[in-house]
Amino acid sequence: MEMGEKIVFPLNYEEYLKKGLLAFEEGNLQLAEEWIGKAVAIKKADDILPLYLMLLQETDQAEKSLEMITEMRPDIASAISVDDIDFLYLKGLLHSGSFDMAREQIEARKNTFGLSMEHQFALEQLEAEVEKVELKNLEKKLKKSSEILQAEKTIDTQPFHKQQVYAQQLKELEDDQFGKIAQRLLMNNNLHRMLKTEIIHQFLARGLHPAISVRLDGTEEKLNLAGLVPLIDSKTYKEGMAYIREEIANKNPTMADAMENAFFMQLSLLYPFEDRTIPSVTEWLEVLYRIYNGTGSTGEPSEKSIRDEIEQLENKLADFFGFFE
């Protein structure tokens with residue numbers, strides 16, 4: 001709205017509609033959508049709704065247009081009609097990226113008895129548009145896959161932040177491509193240990209649970225992902241966090257916050273075999289608390305062993321932060 005421009009009556013349907021149609025005629029679709037949207041909020045007139053739904057789609061709001069259409073026509077997905085709203089529904093599916101659903105809905109309507117040549121042609125045009133977008137997306141995926149595959153050759157020489165970006169890019173791959181590259185990365189001794197934990201989590205997020213070979217700490221071993229849970233759902237993590245929040249926090253709340261972060265980072269370097277290094281969570285955290293509190297060792301062999309393990313992890317974490325350089 002221009003400076004100083006006002007609508008005298010806030011609920012003036014005709015005034016909103018007039019401004020929206022004027023903006024539409026001038027080619028300002030964003031402003032047209034805003035004004036006509038205000039009008040539609042007051043009254044959902046049948047002669048204006050198709051225009052508003054089209055404007056939503058043309059201003060990257062396909063999901064909103066689909067919501068409105070399905071609210072108006074709850075049975076539209078099972079319908080075989082071919083009116084204006086149907087075509088806007090099909091286009092909404094296309095713009096929102098629901099290509100399989102768009103294909104299914106177009107095919108159902110193409111088989112409608114007595115379909116006019118005009119509607120038949122319009123449906124075929126929409127089908128061709130779906131194929132065009134799908135082909136374009138496939139080309140993008142293939143290009144990205146090729147780039148990820150090429151980058152794998154030198155990723156173990158890159159600093160941590162670049163390895164981290166690369167690990168996130170793996171999410172764009174299809175499951176079969178991801179599985180092959182991920183397994184090679186988990187066998188790569190030079191890939192940062194923290195990233196291997198991330199890759200294992202990506203397997204779980206995809207619902208993939210193969211038995212794979214890994215080198216998490218230099219030695220090759222088998223890892224069966226079936227039954228494995230994410231780090232934050234693991235028994236060790238939950239038990240540790242509960243202990244810190246209930247026991248350590250009573251002694252020193254500030255220390256408890258620091259220990260939560262430290263414990264999570266330590267587990268990230270040990271997952272999914274954290275119980276090998278930390279058989280007793282309580283004992284581990286009591287020693288960690290004494291270290292952070294500057295308290296000397298009790299001299300017990302078990303504490304000395306835990307202090308040594310913690311020192312090794314702290315050194316790895318120091319290297320971790322050095323990876324950013």
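- Side chain of N250 to main chain of E246: a donor-acceptor pair is present (N/O by atom type, distance under 3.5 Å, no hydrogens or angles).
- The salt bridge (Lys or Arg N to Asp or Glu O under 4.0 Å) pairs that include a residue from residues 48-63 number zero, where partners must be two or more places apart or lie in different chains.
- Contact of the L285 side chain with the V281 side chain is registered, since non-hydrogen atoms from C-beta on lie closer than 4.5 Å.
- Atom CD in Q168 sits 4.0 Å away from atom NZ in K171 (nearest 0.5 Å).
- Under the 4.5 Å side-chain heavy-atom criterion for grouping Ile, Leu, Val, Met, Phe, Trp and Tyr, L208 is not connected to V229 through any hydrophobic cluster.
- Considering every non-hydrogen atom in both G20 and I36, the closest pair reads CA-CG1, 3.7 Å.
- Clustering ILVMFWY residues whenever any of their side-chain heavy atoms sit less than 4.5 angstrom apart, transitively, puts M255 in the very cluster that holds F264.
- Under a 3.5 Å cut-off, the side chain of D75 and the backbone N or O of S78 do not form any donor-acceptor pair.
- Other residues, nucleotides and ligands contribute only 12 or fewer heavy atoms inside 6.0 Å of the CD atom of E71.
- Side-chain N/O atoms of E198 and Q202 include a donor and acceptor closer than 3.5 Å.
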Side chain to side chain contact (heavy atoms under 4.5 Å, CB included) evaluation trace for Y292 with V287: CA-CA 9 Å; Y292 274 36; V287 173; over 6 Å; no

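- W284 and Q266 form a side-chain donor-acceptor contact under 3.5 Å, judged by distance and modelled atom types alone.
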Step-by-step salt bridge (charged side-chain N to carboxylate O under 4.0 Å, His left out) determination, R73 to D86: CA-CA 10 Å; R73 301 255 298 270; D86 283 284; 3.0 Å; yes

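- Here the closest non-hydrogen pair linking Y13 and A45 is OH-CB, 3.4 Å.
- Q312 contributes atom CD, which lies 11.5 Å from atom CD of E314 (distance to the nearest 0.5 angstrom).
- Proximity of M54 to L51: side-chain heavy atoms (C-beta onward) are separated by under 4.5 Å at one or more points.
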Candidate pair L94 and V133, rule side chain to side chain contact (heavy atoms under 4.5 Å, CB included), full reasoning: CA-CA 9 Å; L94 172 60; V133 174; 4.2 Å; yes

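- For the pair L55/Q61, no side-chain contact is recorded, criterion being any heavy-atom separation below 4.5 Å from C-beta on.
- M68 has its side chain within reach of Y52: a pair of non-hydrogen atoms, C-beta onward, lies under 4.5 Å apart.
- Contact annotation: the side chain of E239 approaches that of T282 to within less than 4.5 Å [non-hydrogen atoms, C-beta and beyond].
- In terms of heavy atoms, N189 sits closest to G218 at OD1-CA, 3.5 Å.
- Formation of a donor-acceptor pair under 3.5 Å by the T197 side chain with backbone atoms of S268 is found in this model.
- Y89 contributes no side-chain N or O that, together with a main-chain N or O of L66, makes up a donor-acceptor pair within less than 3.5 Å.
- If you chain together hydrophobic residues whose side chains sit under 4.5 Å apart, L225 and L170 fall into the same group.
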Identify all side-chain donor-acceptor contacts of residues 294-301 below 3.5 Å with residues at least two apart in sequence or on another chain.
unit_1, atom_1, unit_2, atom_2, d
S297, OG, G299, N, 3.0
T298, OG1, E300, N, 3.4
T298, OG1, E303, OE1, 2.7

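- Of the possible donor and acceptor atoms, one in the side chain of S234 sits under 3.5 Å from a partner among the backbone N and O of L231.
- With hydrophobic clusters built from ILVMFWY side chains whose heavy atoms lie under 4.5 angstrom apart, M194 does not share a cluster with V165.
- Between L173 and S145, the closest heavy-atom pair is CD2-OG, 3.5 Å.
- With rounding to the nearest 0.5 Å, the separation of OG in S96 from NZ in K91 is 14.0 Å.
- A donor-acceptor pair under 3.5 Å is formed between the side chain of H209 and the backbone N or O of G207.
- Considering every non-hydrogen atom in both E33 and T59, the closest pair reads CG-OG1, 3.9 Å.
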Side chain to side chain contact (heavy atoms under 4.5 Å, CB included) between R193 and K316, worked out: CA-CA 9 Å; R193 180 64 174 81; K316 287 181 180 179; over 6 Å; no

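- The closest side-chain heavy-atom distance from K144 to K140 is not below 4.5 Å.
- Proximity of L185 to K196: side-chain heavy atoms (C-beta onward) are nowhere separated by under 4.5 Å.
- The CG atom of L270 lies 12.0 Å from the CE atom of M265; values are rounded to the nearest 0.5 Å.
- Across all their heavy atoms, A32 and A23 have their closest contact at N-CB, 3.7 Å.
- In this structure, the separation between CG on L49 and CG on D84 is 11.5 Å, given to the nearest 0.5 Å.
- Between the side chain of S98 and the backbone N or O of M101, no donor-acceptor pair lies under 3.5 Å.
- At distances below 3.5 Å, not a single donor-acceptor pair connects side-chain atoms of Q183 with backbone N or O atoms of I212.
- Residue P272 is tested with L267, L204, L216 for a side-chain contact (heavy atoms from CB on, under 4.5 Å); the sole match is L216.
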Test salt bridge (charged side-chain N to carboxylate O under 4.0 Å, His left out) applied to E124 and K110, step by step: CA-CA 8 Å; E124 289 175 354; K110 281 174 64 179; 5.2 Å; no

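- Atom CD1 in I306 sits 10.0 Å away from atom CG in L288 (nearest 0.5 Å).
- Ring centroids of F203 and F178 are separated by less than 6.0 Å, placing the two rings close together.
- Cluster membership check: M187 does not share its hydrophobic cluster with I199, using side-chain heavy-atom separations under 4.5 Å among Ile, Leu, Val, Met, Phe, Trp and Tyr.
- In summary, E221 and R215 do not engage in a salt bridge, as defined by a charged side-chain N under 4.0 Å from a carboxylate O.
- Between D176 and K180, no side-chain nitrogen of the basic residue sits less than 4.0 Å from a carboxylate oxygen of the acidic one, so the salt-bridge criterion is not met.
- Side chain of Q163 to main chain of Q158: a donor-acceptor pair is present (N/O by atom type, distance under 3.5 Å, no hydrogens or angles).
- Between F87 and V82, the closest side-chain pair of non-hydrogen atoms falls below 4.5 Å.
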